[in-house]
*Asks:* 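Would you mind keeping the following structure in view while I ask a few things?
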Amino acid sequence: MTPLSRNGIAARVALDIQDGWHVNLGIGMPEMVANYLPEGREILLHSENGILGMGPSPAEEDVDWTLINAGKKPVTALPGASYFDHAWSFGIIRGRHLELCVLGGYQVAPNGDLANWARDANDPLPAIGGAMDLAAGAQRIFVMMTHNDKSGAPKLLESCSFPLTGAGIVKKVYTDLCVIDVADNRFTVTDMVEGLTREELQNRTGAPLHFADQVAVLKDPA
Amino acid sequence: MTPLSRNGIAARVALDIQDGWHVNLGIGMPEMVANYLPEGREILLHSENGILGMGPSPAEEDVDWTLINAGKKPVTALPGASYFDHAWSFGIIRGRHLELCVLGGYQVAPNGDLANWARDANDPLPAIGGAMDLAAGAQRIFVMMTHNDKSGAPKLLESCSFPLTGAGIVKKVYTDLCVIDVADNRFTVTDMVEGLTREELQNRTGAPLHFADQVAVLKDPA
Amino acid sequence: MIDKRADDLARAFEGLGDGISVMIGGFGDAGRPAYLLKALLDSGIKDLHFISNNAGDGDTGLGAFYHAGRVRKLSCSFPRGSVAPLMEKLIRAGEFELEVMPQGTLAERIRAAGAGIPAFFTPTSYGTLIAEGKETRDFDGRGHVLETALHADVALIHAEQADRFGNLTFRHLARNFSPLMASAAKRTIVEADHVVELGDIDAHNVHSPAIFTDLVYQCHDVPEDSWHDWRASA
Amino acid sequence: MIDKRADDLARAFEGLGDGISVMIGGFGDAGRPAYLLKALLDSGIKDLHFISNNAGDGDTGLGAFYHAGRVRKLSCSFPRGSVAPLMEKLIRAGEFELEVMPQGTLAERIRAAGAGIPAFFTPTSYGTLIAEGKETRDFDGRGHVLETALHADVALIHAEQADRFGNLTFRHLARNFSPLMASAAKRTIVEADHVVELGDIDAHNVHSPAIFTDLVYQCHDVPEDSWHDWRASA
C-alpha cells in the first residue's frame with residue numbers, strides 16, 4: 001500500500017474543481033492544488049489578500065513582493081485578474097460567492113466540524129488568519145490533510161477535541177489514504193488507495209467509516 | 001429692509017466655510033453655495049453619488065450625464081477629484097469625515113432638531129434621499145432656508161411639527177433675514193439685515209431669539 | 001471556459017417568474033441600465049419588487065413599468081420625479097407598496113447582503129419616524145438603529161467596460177450603487193458600452209470584480225418610442 | 001490650500017504620546033510602511049497598541065518594537081512569524097496583550113469604524129472559541145456574532161502614489177487593509193513611493209480618497225542596520 005504524496009492529494013482535489021468555479025486555496029498544502037488544475041477548465045483563484053485571478057509563481061527575476069498569496073509566496077496575476085481591498089475580499093468570502101475553499105485540517109468530525117487553527121484552547125499564540133471566514137463563507141469546504149498525524153493518531157474523529165474553525169461546514173476530506181464524503185453526520189469513503197483494506201483504513205480512523213457502493217481506486221492522477 | 005436673495009444667502013454661508021474643509025451641499029438652495037466659495041480657500045465638495053472634488057457646471061457642449069451632482073445637474077471634476085461607490089460615499093458621510101454639510105430646511109428648533117424631508121407624517125411619497133445620513137454623519141450641519149414659508153409662517157420654531165430629519169444636529173441657520181447660532185438649546189442671532197428691528201425679526205420667528213453681543217450687518221457679500 | 005457574454009436577451013430572465021426582486025443600478029440617469037430594463041419590460045414578468053435609489057421619470061425606463069402596472073413594490077430613498085402622481089394613485093388603490101429609507105441605509109443594506117453581513121447598526125434615522133418600531137441601541141452614548149441586509153433575485157447593471165469574466169468599470173459617477181447591487185443579487189446581468197478583451201481592464205482598476213457578474217450584454221440604445229409598447233400589451 | 005505633503009517626520013507624531021493605538025497597513029511585506037514605522041520607533045512613543053494583520057518578523061519593522069519593549073498590545077489575525085517566541089515570552093511575563101480575531105472580522109471592524117457603523121453581525125467564528133462571551137443572534141436560521149467597530153489614533157500607510165490632497169493608489173496587493181485603516185484612524189499618515197501632481201491619478205482609479213489622508217511623506221528606504229538603534233536607546 002502506497003499512500004499518496006502531498007502532490008498526489010493536491011492533484012486529486014484538483015480533479016473535483018469544476019470549470020468556472022471561483023476558488024480559495026488555504027495556506028500550506030492546499031496551495032499545491034494550484035499546480036494541478038485540470039487542463040481545459042478555467043478556474044479563478046481568489047486569495048484573501050485581495051486578488052481574483054491569481055496565476056502561478058513567477059520566474060525569480062519577475063518576483064514582486066506586492067504580488068503574493070495568502071501564504072506570502074510570490075504569485076502572478078492572470079489576464080482578467082482584479083485587485084481589491086480587504087473589505088471587498090472578505091465580502092467575497094463571507095457573502096458566499098466562492099464555490100469552493102480548500103483548507104488544511106488538524107481534525108474533522110462526521111458532523112462537518114473542522115479544527116485547523118489551534119491544537120490547544122490555551123495556545124498563547126493562536127493563528128486564525130482567514131480560515132474562520134473561509135469556513136463560514138465558502139459554498140463548499142474541502143479539507144486536505146494527511147490521514148494521521150506524525151505520531152500516527154487519527155485526524156478523522158467522532159468529534160473534534162481541538163478548538164473549532166467552523167461547525168458543520170466540511171463537505172469532503174482528501175487524505176493520503178482516501179477521499180471521504182461528509183454528509184448526514186457520517187463519513188462515507190468514495191476513494192481508497194490500492195492495497196489498503198477497509199479494516200486497516202478503519203483502524204487508522206477515529207470515527208466509523210461507511211463505504212460508497214462503488215469505491216474508486218485512489219491514485220496519484222499526476 | 002431688504003431680505004437677502006437666495007444667492008445672497010448662499011454667499012453668506014460660503015463665507016463660513018474654512019480652507020481645507022470637505023463639504024457636502026444638499027439638493028436645492030444649498031447647491032448655490034458652490035458658486036460663492038471664497039477666493040484663496042481650497043474646499044473639496046462631496047456629493048453622495050460618489051465624488052469628492054466636484055467642480056462647477058460644465059459648458060453645455062461638455063455635459064456628460066454620468067457626471068452629475070446629487071440634484072442630478074451636470075457638474076465637472078476638479079484635478080484631484082476621486083470617484084467611489086455608494087458604500088464608500090456614505091461611509092464618508094456616516095463616518096464623520098465631512099467637516100460640513102449645508103442642508104435646506106422646512107423647520108428648525110432651538111434644540112438643533114431639523115425637519116426637511118416631509119411636511120406630513122402621512123406623506124405617501126416621503127423623499128428622504130441622503131439627508132438623514134448627512135444629518136447624522138457630518139461634523140457640522142448648517143441650514144439654509146427662507147426665514148418664513150410662502151404663507152409667512154415661521155420655520156424657526158419652539159419644536160418641529162414636521163417629521164424630523166435628525167435630532168439635535170443643527171449648528172447654524174442662514175436665512176434671508178439673519179444668521180443664527182444654535183447651541184445650548186437656544187437661537188442666538190449673530191447677523192441681521194439692515195433696517196430690520198429685533199422685534200420684527202422676533203415676530204417673524206416661532207421661538208425666542210437671543211442676540212449676540214455684537215450683531216453683524218447681514219448683506220449680500222457677492 | 002468562463003464566458004459570460006450573451007446575445008440572446010431571453011437568457012437574461014430565463015427561469016425567473018413573476019414576483020422577483022430586481023435591483024437597478026444608477027443614480028438618476030447615470031448608470032441606469034436602459035437596455036436591460038427594456039428587456040425586462042419585454043419579458044412580461046410582473047409583480048416586480050424594484051430596488052432602486054430613484055423612482056424613475058416619465059413613461060420610459062423605470063417609469064414605463066408603473067404605467068404598465070408591472071411593479072408591486074419599490075424600495076428606494078427618493079420617490080420623486082414625474083412618476084410621483086401615478087405612484088401615489090397606485091398606492092391609494094392598494095396596488096403598490098413603497099418602502100422609503102435613507103440613501104446611505106439603502107446602500108449599506110445592499111452592501112451588507114453582498115458581503116455576508118445580515119445586520120448592522122447605523123446612526124442614520126435614529127430619533128426619526130423612519131426608526132419607529134425598529135430595534136435601537138446606544139453606542140458611545142449615541143442612538144443607533146438596527147438594519148438588515150437587502151438581497152435581490154436579479155441586479156441590472158450598466159457598465160462602461162466588461163470583459164468575458166465579468167470584470168466591470170464605470171464611467172464617472174455611473175458607479176454609485178452598481179458594484180454593491182452586483183454583489184447582492186442571485187443573478188447579476190450587465191449591459192456594457194464596451195465589451196473588451198480579457199486584460200484590457202487593468203487589475204488595479206476593476207470597479208466590480210468578475211465574481212459578481214453572471215451575464216454580459218453589449219448595450220444598445222433603446223428608441224424612445226419602443227418604451228410605449230406596453231400600451232399595446234397592457 | 002490643501003497640501004498634506006510633509007518633510008519633517010517630527011510632525012507625523014506631533015501631539016501624540018504613549019499609549020496610542022496605531023493601525024499598520026500591509027499584508028506580510030506587501031504594503032508595509034517601513035519608513036513610517038522607523039519614524040515611530042525613533043519618536044520614542046511607547047505602550048503602543050498595534051492593529052495589524054500580521055505580527056511582524058525578525059528584529060526589523062514591526063519586530064523591532066517587541067525587542068525594544070514598546071508594544072503593549074497587538075490586535076491581529078495571524079500572530080506567527082519569527083517574533084512569535086518573543087511575543088510568547090512577553091505574554092507570559094504579563095507585559096504584552098494579544099487580541100486575535102478572524103482576518104475578515106478584523107477587516108470589517110476597521111471598515112465599520114471608518115464608515116460610521118458601530119457594530120455588525122457576522123457568521124464568522126460562530127460556534128467557536130472566539131465567539132465565547134459574545135452576543136450572538138440567528139438570522140435565517142444561522143448563528144451570527146456581534147462585532148464592534150475598531151478605531152485607532154493613527155494609521156500608517158504605504159502607497160504607491162499620493163498627491164497633495166492625499167489621494168492614494170496601491171501597487172498590486174499592497175492595497176489590502178490600507179484604505180480601510182486610512183478611513184478608521186484619527187490621523188492617517190502616508191508614505192508614498194511617488195508623490196505626484198494633482199490630476200496625475202485618474203479620478204476613476206483612486207484607491208483611497210483624499211479625505212482620509214492627513215499627511216503625505218516621500219518614502220525612503222530604511223537601512224537594515226538602522227532598525228537596531230533601539231538597542232542603544234533600550
Side-chain angles (χ1 to χ4, degrees), chain A residues 27 47-51 54 64-77 81-96 111 113-115 117-118 120-137 160 162-169, chain D residues 26-32 53-55 57 76-81 84-85 87-89 91-92 98 100-108 110-112 114-115 122-132 142-144 158 160 170-181 183 207-208:
Chain A
I27 297 179
S47 184
E48 49 266 50
N49 51 323
I51 181 172
M54 188 167 61
D64 181 328
W65 288 101
T66 63
L67 192 49
I68 55 177
N69 67 11
K72 279 115 194 160
K73 297 186 193 71
V75 294
T76 50
S82 55
Y83 305 147
F84 30 77
D85 66 38
H86 252 72
W88 276 108
S89 188
F90 280 82
I92 286 174
I93 294 172
R94 224 177 17 234
R96 317 222 74 157
N111 63 358
D113 285 2
L114 167 68
W117 66 285
D120 177 350
N122 298 313
D123 184 346
L125 296 173
I128 304 173
M132 280 192 186
D133 299 282
L134 289 160
C160 296
F162 296 157
L164 294 189
T165 305
I169 45 111
Chain D
F27 184 96
D29 282 337
R32 186 68 75 194
N53 184 63
N54 303 97
D57 262 313
C76 73
S77 89
F78 205 73
R80 289 282 159 86
M87 279 202 300
E88 192 169 344
K89 201 180 115 197
I91 292 167
R92 292 195 198 282
L98 184 64
V100 181
M101 69 195 92
Q103 194 171 138
T105 298
L106 177 63
E108 190 68 9
I110 296 168
R111 188 259 169 195
T122 174
T124 301
S125 89
Y126 181 79
T128 76
L129 197 62
I130 296 296
E132 274 180 23
R142 265 189 102 194
H144 291 78
H158 180 95
E160 182 171 30
F170 301 95
R171 184 170 171 80
H172 297 305
L173 309 189
R175 191 177 321 185
N176 55 69
F177 288 87
S178 295
L180 317 178
M181 289 177 168
S183 77
H207 299 151
S208 185

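Computed from heavy atoms alone, side chains included, the values below leave out hydrogens, waters and symmetry copies. None of the values given here were measured: they were computed from a predicted structure.
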*Asks:* Does some side-chain heavy atom of D:L98 sit less than 4.5 Å from a side-chain heavy atom of A:L125?
*Replies:*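 Yes, side chains in contact.
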
*Asks:* For the interface with chain A, which of D:I91, D:D29, D:L180 has the highest count of heavy-atom pairs at distances below 4.5 Å?
*Replies:*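 Of the candidates given, the most pairs with chain A belong to D:L180.
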
*Asks:* Could you walk me through whether A:D64 and D:R171 pass the salt bridge (charged side-chain N to carboxylate O under 4.0 Å, His left out) check?
*Replies:* CA-CA 10 Å; A:D64 181 328; D:R171 184 170 171 80; 2.6 Å; yes

*Asks:* Can you name the nearest heavy-atom pair linking A:A127 to D:P79, along with the distance?
*Replies:*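 That closest heavy-atom pairing would be CA-CD, 3.7 Å.
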
*Asks:* Would you call D:H172 and A:I68 a side-chain contact if the rule is heavy atoms closer than 4.5 Å?
*Replies:*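 The answer is no; the side chains never approach within 4.5 Å.
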
*Asks:* Which heavy atom in A:R94 sits nearest to a heavy atom in D:G104, and how many Å separate them?
*Replies:*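 It is NH1-O, 3.4 Å.
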
*Asks:* Is the shortest heavy-atom distance from the side chain of A:Y83 to the side chain of D:L173 under 4.5 Å?
*Replies:*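 Counting from C-beta outward, A:Y83 and D:L173 do come under 4.5 Å.
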
*Asks:* Heavy-atom distances under 4.5 Å only: say whether A:D123 touches chain D with side chain, backbone, both or neither.
*Replies:*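 Contact with chain D: side chain only.
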
*Asks:* How long is the span from the CZ atom in D:R175 to the OG atom in A:S89, to the nearest 0.5 Å?
*Replies:*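 Rounded to the nearest 0.5 Å, the CZ-OG separation comes to 11.0 Å.
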
*Asks:* Between D:E88, D:M87, D:R32, D:E160, which residue shows the highest count of heavy-atom pairs closer than 4.5 Å to chain A?
*Replies:*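 Highest number of heavy-atom pairs under 4.5 Å: D:E88.
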
*Asks:* Counting heavy-atom pairs under 4.5 Å with chain D, which one of A:S47, A:A87, A:G50, A:A167 comes out on top?
*Replies:*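 Between A:S47, A:A87, A:G50, A:A167, the count favours A:A87.
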
*Asks:* Would you say that D:T105 contacts A:D133 through its side chain, given a criterion of any heavy-atom pair below 4.5 Å between the two side chains?
*Replies:*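 Contact flag for D:T105/A:D133 side chains = yes.
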
*Asks:* Check whether D:P179 gets within reach of chain A through its side chain, its backbone, both or neither, counting any heavy atom under 4.5 Å.
*Replies:*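 Answer is side chain: those atoms of D:P179 sit under 4.5 Å from chain A.
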
*Asks:* Would you kindly say whether D:E108 and A:H86 are connected by a side-chain donor-acceptor distance under 3.5 Å?
*Replies:*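 No pair is found: no donor N or O on one side chain lies under 3.5 Å from an acceptor on the other.
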
*Asks:* Flag yes if more than 12 heavy atoms outside D:K89 fall under 6.0 Å of its NZ atom; otherwise flag no.
*Replies:*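 At most 12 heavy atoms, drawn from other residues, nucleotides or ligands, come within 6.0 Å of this atom.
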
*Asks:* Heavy atoms only: give me the nearest A:P126-D:V100 pair and the separation to one decimal.
*Replies:*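 A:P126 and D:V100 have their closest heavy atoms at O-CG1, 3.2 Å.
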
*Asks:* Rounded at 0.5 Å granularity, tell me how far CD in D:Q103 sits from CG in A:L134.
*Replies:*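 With rounding to 0.5 Å, CD (D:Q103) is 8.5 Å from CG (A:L134).
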
*Asks:* Can you tell me how far apart CG (D:N176) and CZ (A:F84) are? Round to the nearest 0.5 Å.
*Replies:*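 These two atoms lie 12.0 Å from each other.
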
*Asks:* Side chain from CB out, backbone as N, CA, C, O: work out which of these in A:A118 comes under 4.5 Å of a heavy atom of chain D, or both, or neither.
*Replies:*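 A:A118 has no heavy atom closer than 4.5 Å to chain D.
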
*Asks:* To the nearest 0.5 Å, what is the distance between CZ (D:F78) and CH2 (A:W117)?
*Replies:*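 Answer for the CZ-CH2 pair, D:F78 versus A:W117, is 12.0 Å.
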
*Asks:* Once you round to the nearest 0.5 Å, how far does CG of D:N53 lie from CD of A:E48?
*Replies:*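 Going from CG on D:N53 over to CD on A:E48, the span is 9.0 Å.
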
*Asks:* Let me know if A:I51 has heavy atoms under 4.5 Å from chain D in its side chain, its backbone, both or neither.
*Replies:*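 Answer is both: backbone and side chain atoms of A:I51 are under 4.5 Å from chain D.
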
*Asks:* Should A:I128 and D:I130 count as side-chain neighbours, where that means a heavy-atom distance under 4.5 Å?
*Replies:*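 They are in side-chain contact.
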
*Asks:* Given a strict heavy-atom distance threshold of 4.5 Å, which part of A:P163 is in contact with chain D: side chain, backbone, both, or neither?
*Replies:*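 Side chain only.
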
*Asks:* Rounded to the nearest 0.5 Å, what separates atom CG in A:N69 from atom CZ in D:F27?
*Replies:*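 One finds 8.0 Å between CG of A:N69 and CZ of D:F27.
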
